[in-house]
Amino acid sequence: MNVVTRFAPSPTGYLHIGGARTALFNWLFARHHGGQYKLRIEDTDAKRSTKPAINAIIDSLTWLGLENDGETIFQSSRRNLHVAAAEKLLAENKAYRCYCSSEELSEMRTKARASRTTNSYDRRWRDRDPADHPSDISPVVRIKMPLGGVTTINDKVQGAVSVNNEELDDFILLRSDGTPTYMHSVVVDDHDMEVTHIIRGDDHLNNAFRQYHLYQALNWKPPEYAHIPLIHGQDGQKLSKRHGALGVEAYKEMGYLPEAVRNYLLRLGWSHKDHELISTKNAIAWFKLSSINKGPSRFDFDRLDSVNKHYISECEDEKLVQLIIEFARGHKDIDEKLFVERLLLLLPALKKRAKNLKEMFNDALFLVIPPAYPVKDKKAANCLGPDSKKLLRSLSLTLNEIEDWDLDRTEKCVRSFAEAHGVKLADVAKPLRVALTGSLASPGIFEVVVALGREEVASRLKNVK
RNA sequence: GACCCCAUCGUCUAGAGGCCUAGGACACCGGCCUUUCACGCCGGCAACGCGGGUUCAAAUCCCGCUGGGGUCACCA
């Protein structure tokens, strides 16, 4: 099967998580069929489209690893083609000029609501003689939709969906200033781009019927449609900033890995048996439109975290370190070289505990920023009583005698030290942890000791206050 | 309001009439491990929205209700 899909965001803001999933599904479907995945920026609305938004969207897509095939197409550059298509319909009497004022239209809308119908425009210019048009109004161009009958779309996700044609209004193709509307441009562009499958949010399901008839009028073959359910917030309401409707770049900043975001998004509304952690290779091999659920799903950060944890644990150390030190930018007091050096040593221990890169960064910060005294956390500060300090001073001397500074020897050294002093390991480990990290919660104490190095440990023990 | 869509544990989901005493994952709770927080391991709680059909048999098919969502722009 020859497959061409597209993702067509409008650049009025960042790429939100729902859009990212739509892009992912389009990308996956194209890859699965060895087809093409294209990107089209729907910047028809010059007033609301912005350059920064375009860049943000493309950056996010790149970060997610969803590279498009071929050139990115800008809808605005195709304006003359849209206009030409509308004029063709006008010439064929499949479209007409409508001279209604905005007052008339809003009046019709109010009336329609009151009379319990969907269709608000009453088609008053459809068959009226264009000769008696008012001179002070520049017309819009509207399509002539069928007046009776039923339209059925066999949606790949939703199944057969039918609507009475009387519900469909004569929508606008060209605005009064001559610019094409979205409803019109999409059809022309999708046709010219030879798009075979339109996969998009089901907020477009109703539009599909209108677009379908535009294809008919233009004598073009309509594409296959797949309307995927929307993503809701954790409370089941529409996604808002509070629960996940952030730009994709916000997820990057929170420390999520792109492969984790992709995996999480993939499993939101789509599944393959009981598989949860799915490699890109398998995702491509397994992706089917028929496996997409019909109902909306909720965004769940706990779930994202757990997926992210997995990909962090799988990530190569060198790569991880590079990603983590990005969070160090802006911290002037961090010696990056030293940080990387120590981070690499601590990474195995760090990997086990963090949900995201930012957390890893924060957990590792003590590597280059020694504890500040007095220690803020009360419980931690309490671990540095007179007895403990004495113990630490003594420990410092013992540690210094170690020949090879590695995990095994430092552990043995501390353990036998505790034994020799007749105290529990915890009685030594706790103060040591606070002295080295400034906190009661840290990676394993021996990992910490090794990562900091002999000199730094000695220095921090000396500086305990 | 009209039209369209949807409905399995708290959440994401498996389930295509008998394999369902409804499976997995996340979260949650308990235990083990333990130098802290974690990780890991073991165990637990927890769902077919309701009412009618169809059928020998229904989470699965049909109808109604209820609930949720979407769309009704010279936005996309």
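Chain naming here is simple, since letters A, B, ... match the order of the sequence lines and numbering starts at 1 in each.
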Quick one: is [N] close enough that its OP1 or OP2 comes under 4.0 Å of any side-chain N or O from [X]?
X: Ser442(A); N: rU36(B); answer: no
X: Arg109(A); N: rC74(B); answer: yes
X: Ser297(A); N: rU13(B); answer: yes
X: Lys424(A); N: rU35(B); answer: no
X: Lys294(A); N: rC6(B); answer: yes
X: Asn164(A); N: rA2(B); answer: no

Assign [X] to base, sugar-phosphate, or nothing according to its heavy-atom contacts below 4.0 angstrom with the strands shown.
X: Glu276(A); result: base
X: Lys351(A); result: nothing
X: His227(A); result: nothing
X: Ile445(A); result: base
X: Val163(A); result: sugar-phosphate
X: Leu205(A); result: sugar-phosphate
X: Ser313(A); result: nothing
X: Pro9(A); result: nothing
X: Arg267(A); result: base
X: Gly444(A); result: base
X: Asp305(A); result: nothing
X: Leu230(A); result: sugar-phosphate
X: Phe446(A); result: base
X: Thr44(A); result: sugar-phosphate

Go ahead and name the base partner of [N]; Watson-Crick or wobble counts if both distances stay under 3.5 Å, otherwise write none.
N: rU11(B); result: rA25(B)
N: rC3(B); result: rG70(B)
N: rG64(B); result: rC50(B)
N: rU34(B); result: none
N: rA57(B); result: none

Just compare [options] and give me whichever is closest to any side-chain atom of [X].
X: Arg298(A); options: rU11(B), rC39(B), rC74(B); value: rU11(B)
X: Glu42(A); options: rU35(B), rC5(B), rA76(B); value: rA76(B)
X: Ala429(A); options: rC12(B), rC74(B), rU35(B); value: rU35(B)
X: Lys309(A); options: rC26(B), rC39(B), rA14(B); value: rC39(B)
X: Glu167(A); options: rA2(B), rA14(B), rC74(B); value: rA2(B)
X: Arg142(A); options: rC26(B), rA14(B), rC74(B); value: rC74(B)
X: Asn206(A); options: rC4(B), rA76(B), rG23(B); value: rC4(B)

How far does the [atom1] atom of [N] sit from the matching atom of [M], given to the nearest Å?
N: rC65(B); M: rC56(B); atom1: P; value: 28 Å
N: rU11(B); M: rG1(B); atom1: C1'; value: 33 Å
N: rU54(B); M: rG15(B); atom1: P; value: 29 Å
N: rG43(B); M: rC61(B); atom1: P; value: 34 Å
N: rG17(B); M: rA76(B); atom1: P; value: 45 Å
N: rC26(B); M: rC62(B); atom1: P; value: 34 Å
N: rU8(B); M: rC3(B); atom1: P; value: 25 Å
N: rG49(B); M: rU60(B); atom1: P; value: 8 Å

Nearest whole angstrom, please: distance from the [atom2] of [N] to the [atom1] of [X].
X: Arg210(A); N: rC4(B); atom1: CZ; atom2: C1'; result: 11 Å
X: Ile312(A); N: rC39(B); atom1: CD1; atom2: C1'; result: 13 Å
X: Arg433(A); N: rU35(B); atom1: CZ; atom2: P; result: 10 Å
X: Lys273(A); N: rG24(B); atom1: NZ; atom2: P; result: 17 Å
X: Phe299(A); N: rU13(B); atom1: CZ; atom2: P; result: 13 Å
X: His232(A); N: rG10(B); atom1: NE2; atom2: P; result: 18 Å
X: Lys378(A); N: rU36(B); atom1: NZ; atom2: C1'; result: 20 Å
X: Asp377(A); N: rU36(B); atom1: CG; atom2: C1'; result: 12 Å

Check [Y] with [X], please: is the shortest side-chain N to carboxylate O separation under 4.0 Å?
X: Asp192(A); Y: Arg78(A); value: yes
X: Lys424(A); Y: Asp427(A); value: no
X: Asp43(A); Y: Arg48(A); value: no

Check: [Y] main-chain N/O paired with [X] side-chain donor or acceptor under 3.5 Å:
X: His197(A); Y: Tyr225(A); result: no
X: Lys309(A); Y: Lys352(A); result: no
X: Arg267(A); Y: Trp270(A); result: yes

Item checked: Cation-aromatic face contact Arg142(A)/Tyr121(A), 6.0 Å, 45 degrees ->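 Yes, Arg142(A) and Tyr121(A) form such a contact.
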
Next item on the list: Would you please indicate if the ring centroids of Tyr182(A) and His204(A) are separated by under 6.0 Å?
Entry: yes

Notebook entry, point to check: Taking the six-membered ring for Trp, are Phe25(A) and Phe287(A) ring centroids under 6.0 Å apart?
Noted result: yes

Item checked: Verify stack between His272(A) ring and rA14(B) base, 5.5 Å, 30 degrees -> no

Margin query: Let me confirm one number: the CD-CD1 distance from Glu411(A) to Ile402(A), rounded to the nearest 0.5 Å.
Written below: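 So the CD of Glu411(A) and the CD1 of Ile402(A) are separated by 11.0 Å.
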
Check: Taking N and O atoms by type only, does the side chain of Asp202(A) place a donor or acceptor under 3.5 Å from a partner on the base of rG70(B)?
Finding: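 Flag unset: no donor-acceptor pair detected.
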
Margin query: Go nucleotide by nucleotide along RNA chain B from the 5' end; which of Ala354(A) and Gly295(A) gets its closest nucleotide reached first?
Written below: Gly295(A)

Note to self: Heavy-atom nearest nucleotide on RNA chain B for Ser10(A) versus Asp302(A): which residue maps closer to 5'?
What the structure shows: Asp302(A)

